[in-house]
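Note that this is a predicted model, so its numbers are computed, not measured.
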Protein chains: 2
Amino acid sequence: MGLPQESFGGILHETARLWRTELDRRLRPLGLSQAKWRALLHIACHKDCTQAELAARLGVEAPTVVGLLDRLAADGLVERRECPHDRRSKTVHLRQGGQALMKPITEMAENLSRELLANMSPEEVACSTQVLQRIRDRLLSL
Amino acid sequence: MGLPQESFGGILHETARLWRTELDRRLRPLGLSQAKWRALLHIACHKDCTQAELAARLGVEAPTVVGLLDRLAADGLVERRECPHDRRSKTVHLRQGGQALMKPITEMAENLSRELLANMSPEEVACSTQVLQRIRDRLLSL
DNA sequence: CGCTAACTATTAGCATGCTAACAGATAGGC
DNA sequence: GCCTATCTGTTAGCATGCTAATAGTTAGCG
């Protein structure tokens with residue numbers, strides 16, 4: 001039957017948590033975290049993005065984005081603006097402080113990824129990526 | 001450079017979160033979750049386990065186990081007992097209600113795993129498992 | 001023996017995620 | 001045009017994880 005830590009789900013879960021904790025640890029001197037960094041990157045890449053769009057891109061629920069933006073706005077990194085042609089919506093924009101953080105953040109994330117995948121062959125990484133993507137797609141189609 | 005959702009770390013993170021959310025959704029009618037189920041399984045398999053041992057086996061920090069056991073004890077599923085030969089430690093034990101849940105819980109977790117891995121070849125699953133294990137080991141050795 | 005170091009569980013406080021329930025705004029069907 | 005559906009953001013409340021700090025206990029070194 002297999003103990004939980006040896007099952008695929010168990011290893012997936014633990015590896016993801018450790019990865020995130022390590023990245024959070026490295027980003028902490030900048031007052032950041034993986035969740036904040038991912039949000040900033042999407043906001044930078046997709047101008048005039050609404051909160052609902054941002055939630056879909058990040059793959060999380062709307063209330064999660066509300067809290068995340070509250071913290072990022074409190075840090076002075078982003079701001080919400082009312083959408084002119086739809087009074088329900090708000091668009092999210094990077095402020096100067098947020099823009100300045102983009103480069104060091106991205107470098108840290110890529111460095112960690114390189115370190116962790118260093119002794120894997122490209123074939124192994126490609127195979128695993130594809131497996132994870134197919135699991136994700138199946139979960140999204142439930 | 002690649003957007004975050006397309007990076008290995010991003011896909012790993014999202015897939016793990018979706019897997020856990022789906023399992024939590026299915027376990028909810030039983031008043032359970034993935035974290036509770038994993039703890040119960042380890043407690044059942046390792047008699048007279050201390051909280052520190054349990055934390056190490058689950059791969060989480062000690063305060064996380066404190067909260068988890070508080071909730072499981074409030075549900076009447078487990079109990080703490082003082083360790084006779086070390087007054088710092090407490091051992092954790094399954095109560096009757098917890099024992100009764102083991103079988104349906106394990107079946108649900110295995111069913112989900114089977115569903116999600118159904119259209120993967122054994123070689124692909126083996127390769128991905130190995131890659132995840134190596135990443136995990138590297139993270140643990142930081 | 002005694003003192004310091006390490007271990008054990010706990011508390012407090014925070015971040016990130018979820019669901020449920022809501023209020024306001026829009027859009028679509030009649 | 002209007003009424004209902006749906007969409008958008010928000011709040012409230014919870015679960016799971018973390019770090020830092022604390023109190024009590026044990027163990028190890030001189």
If the cut-off is 4.0 Å, is B:H13 near the phosphate of C:dG17, judged by side-chain N/O to OP1 or OP2? yes
Quick one: look up who C:dT26 pairs with, Watson-Crick or G-U, both distances under 3.5 Å, and put none if it's unpaired. none
5' precedence on DNA chain C between A:G59 and B:D70 (nearest-nucleotide basis):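 Comparing both residues, the 5'-ward one is B:D70.
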In the structure I gave you, are the side-chain heavy atoms of [X] and [Y] within less than 4.5 Å of one another anywhere?
{"X": "A:L77", "Y": "A:Q99", "result": "no"}
{"X": "A:M102", "Y": "A:L94", "result": "yes"}
{"X": "B:T21", "Y": "B:R25", "result": "no"}

Which atom pair, heavy atoms only, marks the closest approach of A:L132 to B:T15?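 Smallest interatomic distance, heavy atoms only, reads O-OG1, 3.4 Å.
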Please name all residues satisfying side-chain contact (heavy atoms from CB on, under 4.5 Å) with A:E124, sequence neighbours left out, ordered by chain then number. A:M120, A:S121, B:C127, B:Q130, B:V131, B:R134
Starting from [atom2] on [N], measure out to [atom1] on [X] and report it in whole angstrom.
{"X": "A:L54", "N": "C:dG17", "atom1": "CG", "atom2": "P", "answer": "12 Å"}
{"X": "B:H85", "N": "D:dA27", "atom1": "NE2", "atom2": "P", "answer": "10 Å"}
{"X": "B:E61", "N": "C:dC14", "atom1": "CD", "atom2": "C1'", "answer": "15 Å"}
{"X": "A:L72", "N": "C:dT16", "atom1": "CG", "atom2": "P", "answer": "8 Å"}
{"X": "A:R17", "N": "D:dC18", "atom1": "CZ", "atom2": "C1'", "answer": "10 Å"}
{"X": "B:L58", "N": "D:dC18", "atom1": "CG", "atom2": "C1'", "answer": "15 Å"}
{"X": "A:L68", "N": "C:dC14", "atom1": "CG", "atom2": "P", "answer": "17 Å"}
{"X": "A:Q34", "N": "D:dT16", "atom1": "CD", "atom2": "P", "answer": "21 Å"}

Would you mind building the protein contact string for nucleotides 1-9 of chain D? One character per nucleotide, 5' to 3', B for base within reach (heavy atoms under 4.0 Å), S for sugar-phosphate only, - for untouched. ------BSS
Any chance you could measure B:I43, atom CD1, to B:R38, atom CZ, to the nearest 0.5 Å? 12.0 Å
B:P63 has a side chain; which of D:dG17, D:dT11, C:dA12 sits nearest to it?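 Of the options given, the side chain of B:P63 lies nearest C:dA12.
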Starting at the 5' end of DNA chain D, which residue's closest nucleotide do you reach first, A:R25 or B:K36?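 Looking at DNA chain D, the more 5' nearest nucleotide goes with B:K36.
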Mapping B:R71 and A:R28 onto DNA chain D by nearest heavy atom, which one lands closer to the 5' end?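 Upstream on the strand: B:R71.
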At under 4.0 Å between heavy atoms, what does B:S33 touch on the DNA or RNA strands: base, sugar-phosphate, or nothing?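 Sugar-phosphate only.
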Identify every side-chain donor-acceptor pair in residues 62-76 of chain B under 3.5 Å, counting partners at least two apart or on other chains, and give the distances.
residue, atom, partner, partner atom, Å
B:D70, OD1, B:R80, NH1, 3.1
B:D70, OD1, B:R80, NH2, 3.1
B:D75, OD2, B:K36, NZ, 3.1

Quick one: classify the glycosidic conformation of D:dA20 as syn or anti, with syn meaning within 90° of 0.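 D:dA20: anti glycosidic orientation.
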